[in-house]
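Here's the structure, in structure tokens; my notes come after.
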Amino acid sequence: MKVPSVPRCLGPNVYRQVPEGGWGWAVAVAFFMVEVNTYGILKTLGVFLQDLMEEFKESNSRVSWVISISVFIFAFTAPLASLLSNRFGYRPVVMMGGFLMSLGMISSAFTTSINEMYITIGIISGFGFSLSFLPTVTILALYFSRRRALVTSIASSGESFAIFAFAPAFTRLKEDIGWRYCLLVLGVMQASVVAFGVLLRPISIESEPAKEDSDSLSLKQMQNVFELENEKTRTSLSSAMSQGSGDSGVTSLTPSDKDLKNAPAEDQMLEKSPSDSAQQQPDAERSEGEAGPLQPSAPKLLDFSMLRDRAFICYSLFGLFATLAFFAPQLYIIELSKSRGVEPAMASYMLSVMAVADIFGRFFIGVVLNRVRCKKTHVLLGCVVLLSLVLVAFTVVWEFWGLVVCCALYGFFMGTVGSTHIPLLAEEEVVGIQKMPSCVGVYVFIQSFAGLAGPPLGGMLVDVTQNYGAAFYSCAAGMVLSAVCLALVSVAKSGACQRVSRKQERSQNAEEEEKMSQDSTPLDFLEIDLSENGSVKQAKDNRSGI
């Protein structure tokens with residue numbers, strides 16, 4: 001039976017080690033475009049907020065549900081996207097995601113009610129966002145190791161570049177062709193993700209065959225050395241018994257030790273622990289198929305046992321409350337500017353100011369976190385506090401330049417928080433690198449509920465107060481609560497560390513007591529001496545009888 005051959009351009013890239021580039025740069029370009037068509041377009045939809053309200057005769061809160069449902073589906077289905085990518089591979093899942101987000105956006109141009117838009121943009125496009133984003137950022141991490149953080153931060157700036165370009169462009173374009181045709185244009189642009197998904201070639205890390213042979217040979221040599229040591233030990237014991245000397249069992253083992261010292265190669269093999277050879281197993285097992293390369297076994301998608309960790313609970317609450325301010329400001333900043341005397345053409349540039357400042361914030365926090373010696377959560381806490389103050393400033397500023405300054409500060413600190421809150425899970429002051437894979441799914445899952453409630457909550461406050469600045473009050477309140485929860489992470493982690501240290505101290509004391517009790521009764525040596533003396537006495541009796 002012949003196995004169908006796969007074209008080389010579509011098959012996996014095989015490397016001996018992580019390439020730190022190569023085809024990974026093409027994957028980085030694909031991730032940049034995925035960022036443009038997911039988060040970039042999602043945060044630009046605020047341009048059409050007033051048009052949807054006038055078209056469907058709906059309130060701010062009702063229209064805001066379109067964004068909130070999309071964000072909720074985006075985050076809530078993240079574990080499902082990971083499961084599908086492990087089952088079918090990264091490329092087909094991302095291509096399907098591009099098709100779904102394009103289908104939802106194009107269908108929304110023909111909707112006749114806001115309820116239909118809940119389905120098109122909210123559910124269909126939201127699920128497409130999840131299928132496109134998560135597998136792309138996962139496979140990008142496999143192509144880089146040392147430069148992973150730098151490449152990811154650069155590629156993720158596609159979101160900011162999209163907001164910078166799309167906000168003024170579609171504000172001008174909708175005046176000429178209308179908001180429905182603008183949604184058609186966005187849907188066609190999102191279809192490009194299908195083409196960029198082809199670039200996501202899977203990666204396979206395979207070890208050299210000679211290394212595998214040496215590993216198997218080393219195991220055999222270790223077994224032979226162990227057998228040799230046992231044989232020499234038995235020989236030394238029997239020789240001591242037959243010689244009739246009065247030495248104890250301890251001195252009778254000395255010749256075997258000297259013989260073992262004459263085999264340096266064998267001693268080196270003994271010094272090599274079995275765990276070292278276990279770590280050098282063939283990496284081919286990690287790269288079977290396109291699904292899940294470099295993974296010896298499928299990781300848990302959702303590990304809710306981490307909810308017993310107090311530090312993780314506090315950090316998850318921080319992410320939950322902070323998400324309230326991740327989408328609402330971009331959604332309401334244009335209407336806020338209009339309500340305070342800014343011309344509509346100039347109001348759209350507020351999003352562009354946020355986008356440019358966001359790019360600088362991402363690069364700034366990356367450099368700072370690489371150089372600081374204090375806890376990184378403390379740096380993040382400072383950014384969260386400053387971001388809370390900026391959100392409060394939006395409610396009291398009225399002139400054009402004051403809004404511009406607030407948008408610049410918000411974009412900068414939003415870039416610092418948005419680009420670091422997930423990677424900081426790997427820090428030991430939160431959960432650590434070993435527990436991070438099982439925690440990311442739970443963390444994003446918890447965030448999804450805040451993404452569902454954030455924009456409608458702001459819209460409800462706007463409807464009640466007839467003031468767009470009220471939406472920023474809810475964002476500021478959520479950010480303040482997130483700062484309190486983030487400050488409690490260090491407290492919870494220090495308490496957990498103290499409990500662990502006390503348990504370790506008690507276990508060490510128990511081991512030392514057990515060791516002292518064992519050392520006080522050297523039964524093995526007495527048995528050897530008695531058996532040796534008995535054999536010597538029997539040998540003397542035999543000589544006297546003869």
Side-chain angles (χ1 to χ4, degrees), residues 10 26-45 66-108 117-143 152 155-156 158-159 162 183 186-203 289-293 295 298-302 327 422 437 440-445 447-448 451-452:
L10 299 179
V27 178
V29 173
F31 180 60
F32 181 90
M33 295 306 301
V34 168
E35 280 275 355
V36 169
N37 291 282
T38 54
Y39 279 114
I41 290 180
L42 192 60
K43 293 184 178 181
T44 311
L45 292 179
V66 176
I67 308 297
S68 62
I69 292 175
S70 182
V71 174
F72 173 75
I73 297 297
F74 191 170
F76 189 81
T77 58
L80 179 59
S82 180
L83 174 64
L84 293 176
S85 61
N86 287 332
R87 176 63 179 86
F88 300 104
Y90 300 108
R91 180 183 289 138
V93 172
V94 173
M95 295 174 67
M96 178 57 68
F99 171 75
L100 288 177
M101 72 170 71
S102 176
L103 175 64
M105 191 64 66
I106 292 176
S107 300
S108 64
M117 195 165 284
Y118 291 161
I119 299 175
T120 55
I121 294 181
I123 297 178
I124 298 177
S125 293
F127 186 50
F129 292 155
S130 179
L131 293 182
S132 299
F133 179 81
L134 189 62
T136 308
V137 70
T138 302
I139 193 172
L140 177 62
L142 300 179
Y143 274 93
T152 304
S156 65
E159 167 193 345
L183 294 182
L186 289 176
V188 173
M189 291 177 54
Q190 289 178 324
S192 63
V193 175
V194 178
F196 283 101
V198 181
L199 298 177
L200 303 181
R201 293 181 62 181
I203 181 174
E290 184 176 340
Q295 298 294 334
K300 293 182 179 180
L301 296 179
L302 291 176
F327 294 93
I422 292 180
V440 171
V442 180
Y443 180 73
V444 176
F445 177 80
Q447 277 187 300
S448 63
L452 180 66

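Model, not experiment: these values are computed from the prediction.
Shown here are the side chain to side chain contact (heavy atoms under 4.5 Å, CB included) partners of Phe32, two or more places apart in sequence or in another chain: Val36, Ser157, Phe161. Every residue meeting the side-chain hydrogen bond (donor to acceptor under 3.5 Å, both in side chains) condition with Ser130, not counting sequence neighbours, appears here in chain and number order: Thr77. With sequence neighbours left out, Val66 forms a side chain to side chain contact (heavy atoms under 4.5 Å, CB included) with Ile114, Met117, Tyr118, Ile121. Checked against ring pair (Phe, Tyr, Trp, His ring centres under 6.0 Å), Phe31 has the following partners two or more places apart in sequence or in another chain: Phe133. Partners of Glu35 under the side-chain hydrogen bond (donor to acceptor under 3.5 Å, both in side chains) rule, at least two apart in sequence or in another chain, do not exist in this structure.
The distance from atom OG of Ser132 to atom OH of Tyr90, rounded to the nearest 0.5 Å, is 14.5 Å. With rounding to the nearest 0.5 Å, the separation of CD in Glu159 from CG in Leu42 is 9.0 Å. Annotation: the span from Ile41 atom CD1 to Ser125 atom OG amounts to 9.0 Å, rounded to 0.5 Å. To the nearest 0.5 Å, atom CZ of residue Phe129 and atom OG1 of residue Thr38 are 7.0 Å apart. Rounded to the nearest 0.5 angstrom, Ser70 OG and Ile124 CD1 are separated by 11.0 Å. Remark: Gln447 CD to Phe74 CZ distance equals 11.0 Å, nearest 0.5 Å.
Under the 4.5 Å side-chain criterion, counting only non-hydrogen atoms from C-beta, Leu200 is not in contact with Pro135. Using a 4.5 Å heavy-atom cutoff, the side chains of Val27 and Leu199 are not in contact.
Closest approach of Thr120 and Ser108 over heavy atoms only: OG1-CB, 3.4 Å. When all heavy atoms are compared, the tightest approach of Phe196 to Val29 is CE2-CG1, 4.3 Å.
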Indicate every side-chain donor-acceptor pair of residues 93-107 with a distance under 3.5 Å to a residue at least two apart or in another chain.
from	atom 1	to	atom 2	distance (Å)
Ser102	OG	Gly187	O	2.7
Ser107	OG	Leu103	O	2.7

